[in-house]
Structures are given as C-alpha cells and as structure tokens.
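Here's the structure we're looking at; comments come further down.
Lettering follows sequence order; numbering is per chain, from 1.
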2 protein chains.
Amino acid sequence: MKPVRAQGGVATRTANKLKRKQTILNTARDIIATGGYASFTLAELAIQANVTVPTIHNLIGNKSEVLTQLVVDMVERTEQVLSSTAFKDPISAVESFTDNLMSLYHDDEAFYKAAFVIGEQESMFEHGHAGGIFKKSLKLAYQVCLDAKEHGFLVGNINSELLADRLFANQRIARYDWMHGYIDLSEYRCQMICGMLLTFAADATEEYRPVLIAKMSTVFLESVEQR
Amino acid sequence: MKPVRAQGGVATRTANKLKRKQTILNTARDIIATGGYASFTLAELAIQANVTVPTIHNLIGNKSEVLTQLVVDMVERTEQVLSSTAFKDPISAVESFTDNLMSLYHDDEAFYKAAFVIGEQESMFEHGHAGGIFKKSLKLAYQVCLDAKEHGFLVGNINSELLADRLFANQRIARYDWMHGYIDLSEYRCQMICGMLLTFAADATEEYRPVLIAKMSTVFLESVEQR
DNA sequence: TGTAAATTTTATGCAACATAAAATTTAATA
DNA sequence: TATTAAATTTTATGTTGCATAAAATTTACA
C-alpha cells in the first residue's frame, strides 16, 4: 500500500519554488537594466543567478516566458499609476498622469525601456485583448473626455471616442520614441503633455483653448531650450 | 612580365554581380512578404535564390546588411511619395498625402509592414540622422504648417514647430499600429487622417475648424461602421 | 583554348536555445 | 535521525541559425 503524505511538504516546496523563481526574475531584470536587452541570454542569466539553464526552463520556462513574466510585472506597476486619477480639469489631469508615469520610470529607466520593447516584440500589447492594457487605457481616456465635457471645458463637437483615441495615441507615440532611445525622459514628458493638450484644444471652448495653448507653449519652449 | 588586361572583364563581372545581387534581394522580399519576418533565414534565402549561404555573404553581406538593403529600397520609394505635394488646403494636403501612401502600401502590404518592423529593429529611423527620413518628414510637415498659416487656415497661436511635431507624430503612431498588425490598412488611413486633421483643428480659424471637424467625423464614422 | 581573377561551394566553427535522462537534494515521517 | 518518494538540478547532447576559411569551380578575355 502506498504511504499517504501530508500536504506540508508540497506547500513548503511550492513556496521555495516561488522564491527561487523570483530570484531568477530579479537577476534577469538586473541584466537587462545593466547591459540592455541584447546582453540578455539564458546562459548569462543562469551564471548570474547561480543555476544552470535547464533550471530556468524548469522553474519559469523558455526564454520567451521569462521575458513575458518581466513585462507582466512591469505592466501591473504601470496600471497602478494609471488608475490613480481624480478629475479636476484637463491640464491637471494630463500633468498628474504624466508625472506619475515619469516618477515610476525614473527609478529604473533602462529596465522600463527594455520591458516595453520586449512586450512589443512578444506581442503582449495586442489592441484587441479585452483585459489588456490597451483597452483599459482607452477607456480611461474616454472617461477623462466625458469629464472634461461635463465640466464645461470641451464643446463636444468632436466625438468622444475619436478624442479618446487621439489622446491615447499622442501619449503612446511619445513613449515609443522614448523606449526606442530616440528621446530622453524629459522630452518624453514634453511630447506627451503637448500631444494630449493639443488634442483637448481641438474641442475646447473659446475661453479654455487659450489656456491650453499657453500651457502647451510653456512646456514646449522649456523643453526646446534644454536641448 | 604580367599580362595587361582590358577593363571589359571587370565591367561585365560588376554588371552580372549587381544582377545576381538584385535577384537575391527580390527573393528575400518574397520570403518576407509571404511567410513574414520570422520565416526569413539566410539558409531559406539561399535555397530559394538557388545559391549557398556564403554566396549571400559574398554578394551582399551578413543578415543585417541584407535586411538593411531591403529597407533602404522601401524608404526610397516612400520618400518619392512624400515629396509629391502641392499645397491647396490642409484637408486636401492630408488626403492626398494619405492616399499616396495607401496606394503604395496596398500593392505589397505584407512586405512594407515587415520592412518597417525591420527598419525599426535595425535602428534605421534614428531621429538625429540628418539626411534621415525623420528629419525630412518633419521639415515637410513644418512647411505644410507655414503654408496653412499663410493661406489663412490657421490662426498661428500654436508654435509651428510644435504643430509640425504633432502632425508627424499622429501620422507615425497610425503607422506603428498598422505595421505591428494591430490595425488594417483602412483603419491606418482613418487614424492618420483624423490625427492630422485634429492637429490642424487646434490652431484653425473659427470658420475653418468646423470644416476640419466635419471631415474628421465623416472619416471616423465611416471607419467605425466598417468594423 | 589557356589563364588569372572572381566567384561559388564545401567543410567547419560558434553561439544560443532547448530537452532527455541521470544524479542529487529536499522535506515529511517512522 | 535515518528512510523514502518526490521534486529539483545538472550533465550531456541536439538543433538551428549565422558566419567564414580554404578548396573547387566558373568566368571573361587575350
């Protein structure tokens, strides 16, 4: 008769497994942050994490799965930033949103950059994906448009879905340029703010448009003279 | 004494070399257009072009150089489209620009998509690069902004460099989404037109803004109901 | 048709990802 | 604390793709 065993063993093992898994992932993160995505190989990861390559396969999976895990962690942290918004007016909405992102990315810029490149390469940002970050962000942008209209900042001549699309697109293109190393974090900030404020300006009231344009000009000129 | 030889032999060889080189590049293009970028290996290219791998290295270079050649060809064709513009008004400028691009990409969509992905991966679109397509496109966008202001479509409250940046950015983000397979060619068209018209709208005169918004709404709604 | 140069191919190496099977470690329990 | 079965790690090996030196072949001209 087979001996029946308590569950304690399994639970302990599972916990340890998770810990080792996390150690490997942290090492992976370090490698990418330090030497860039190109320097990331399973062999190098194995050496730095003090295991062998098959162990990585056993604990996490193939290279693609290791990378996916890193990006999932990153997206989760980014989503937390996105969710913390309370609407007052378009300018402060854009500013607080931007500054939240900036302070997140500032800490570990090399890693975040790489993670976005990897996520794109691994097709993790599919627009169609229902629970995906794309749909969530668009929904958020749409809500901001509705709020702005309700508070009398927008006229409402432009379809809110269209406006939300543009708001999101302008935010994204700035991120693309940053993650591909075309611009630095401070220019990312400028492009993002200008893009979003300009989008609002297209549907702003007569009184509010000059305010948006003034703010936009300030941010733009500040950034230009820094170069 | 060494025999002196005429230049004919060299010239003939050079011409033949170019021809063979072009054959290989055309085959490469076919492979990418048919099976996507992932299916492109030097071994596969050698087989389909009826040569061996070292021959490819000899005639063109390493994998990266083969890809670079393909992208250079593509960029040249795209630049021709960009240059053929005569300004009348913002709407027709945007429309003709867009439709020129669309008709170019329509013929060989899979290849163009892949070529943009490759170009990005090979860092061929560096913003700083003086003679690069980035600077050229920005300059073009800037000129359109000046024209639009001169013809009385824009007020001029928004800095023209800023406006050109946004015009170009909105065009680019639509292309990113298309080249990564997130949207199809017709949606690419819609996003690009809406993005650029909205940018103009932010600085348009009182009379012209409704015209821009009306056009934008038409394009947007047409695209939405197609889905 | 011979010849020197150019070109192609054969043969081989290297790097990175991946996995089967053997060896080792682990944690509960008697 | 010694045993044991399961989990885990490692050794050994395979595969694929890029790259190149050196040998074999082809080329175009005299």
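A side chain to side chain donor-acceptor pair (under 3.5 Å) check over residues 56-66 of chain B, counting only residues at least two apart or in different chains, returns the pairs B:S64-B:E122. Applying the side chain to side chain donor-acceptor pair (under 3.5 Å) rule to pairs touching residues 170-179 of chain A yields A:E109-A:W178, A:E120-A:Y176, A:N170-A:T199, A:N170-B:R166, A:N170-B:N170, A:R172-B:D177, A:D177-B:R172, sequence neighbours excluded.
The shortest distance between the side-chain N/O atoms of A:K17 and the OP1/OP2 oxygens of D:dA7 is not below 4.0 Å. Phosphate contact (OP1/OP2 of C:dT8, side-chain N/O of B:N58, threshold under 4.0 Å): present.
For B:S123, the side chain to side chain contact (heavy atoms under 4.5 Å, CB included) partners at least two apart in sequence or on another chain are B:E126. Contacts of B:A115 classified as side chain to side chain contact (heavy atoms under 4.5 Å, CB included), with partners at least two apart in sequence or in another chain: B:M74, B:F111. B:D184 is linked by a side chain to side chain contact (heavy atoms under 4.5 Å, CB included) to B:S186, B:E187, counting only residues two or more places apart in sequence or in another chain.
Note on A:R29 versus A:D73: no salt bridge recorded, every NZ/NE/NH1/NH2 to OD/OE distance being 4.0 Å or above.
Nearest nucleotide to the side chain of B:T52, out of C:dT10, D:dT10, D:dT8: C:dT10.
With rounding to whole Å, A:K19 atom NZ is found 14 Å from D:dT8 atom P. Distance A:I31 CD1 to C:dA16 P: 12 Å, rounded to the nearest Å. For the pair B:L59 CG and C:dT9 P, the computed distance is 10 Å after rounding to whole Å. In this structure, B:Y37 atom OH and D:dG17 atom C1' are separated by 12 Å, rounded to whole Å. Whole-Å rounding puts the B:E65 CD to D:dA19 P distance at 9 Å. Summarising the geometry, the separation between NZ on B:K21 and C1' on C:dT7 is reported as 15 Å, rounded to the nearest angstrom.
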- What string of B, S and - do you get for nucleotides 17-22 of chain C, 5' to 3', when a contact is any protein heavy atom under 4.0 Å? SBB---

